[in-house]
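See below for the structure under consideration.
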Amino acid sequence: MDGQLIFDSVLTIINLILLIGVPIFAGILLYRAIRKRSSEKEILSTFSAEDYAKVKEILEKERISNRVKTTYTGGSNRNRTLMGRIGENPKLTTQYQIFVPKEKYEEAVYRINQARMNRE
């Protein structure tokens, strides 16, 4: 009888930990994600892989930390994507976004503009 009582008690404690602990852990992860996003500013949003590569190269050269988000906006049907969709430019199906820390935003804009002027 004591063994069953101990087992039931342990099982109850585990259920309580899962019931209370998982939502708290998920909340902590969500809070961290929101906090990180609010400390960043978007420096570039483009569908051009060339523009993305140029800006990324400038930021890396200047050692400005950054985060990249890519979003595929093309068709989701595999058969259609192999042949392409009518009227869809395959070069414009991926959106590139680059984010930098808020405190580095002004420096990043300056460095990007400076590099563009030097190329012209």
Stepwise salt bridge (Lys or Arg N to Asp or Glu O under 4.0 Å) test for K54 and E50: CA-CA 6 Å; K54 287 177 184 176; E50 184 179 315; 3.1 Å; yes
Derivation and outcome, salt bridge (Lys or Arg N to Asp or Glu O under 4.0 Å), residues K102 and E40: CA-CA 5 Å; K102 279 185 178 178; E40 296 175 331; over 6 Å; no
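One finds the CD atom of Q97 at 13.0 Å from the CG atom of N66 (value rounded to the nearest 0.5 Å).
Taking the side chain as every heavy atom from C-beta outward, P101 and S65 approach each other to under 4.5 Å. Taking the side chain as every heavy atom from C-beta outward, V68 and F99 never approach each other to under 4.5 Å. Here the side chains of L44 and Y96 are not in contact, with every heavy-atom distance at 4.5 Å or above. Residues R116 and N118 fail the side-chain proximity criterion, which asks for heavy atoms closer than 4.5 Å. A 4.5 Å side-chain heavy-atom check between F47 and T94 finds every atom pair outside the cut-off.
Ion pairing between a basic and an acidic side chain is recognised when a charged N comes within 4.0 Å of a carboxylate O; K104 and E107 show such pairing.
Shown here are the side chain to side chain contact (heavy atoms under 4.5 Å, CB included) partners of Y110, two or more places apart in sequence or in another chain: Q114. The side-chain hydrogen bond (donor to acceptor under 3.5 Å, both in side chains) check on E103 picks up nothing, with sequence neighbours excluded. Under the salt bridge (Lys or Arg N to Asp or Glu O under 4.0 Å) criterion, E60 pairs with K56, not counting sequence neighbours.
A108 approaches L59 most closely through the heavy-atom pair CB-CD2, 3.8 Å. Taking all atoms of both residues into account, the shortest heavy-atom contact from V100 to Y105 is CG2-CA, 3.8 Å. The two atoms that bring I64 and R111 nearest to each other are CD1-CG, 4.3 Å, heavy atoms only.
Remark: the T46 side chain and the Q95 side chain contain no N/O donor-acceptor pair separated by less than 3.5 Å.
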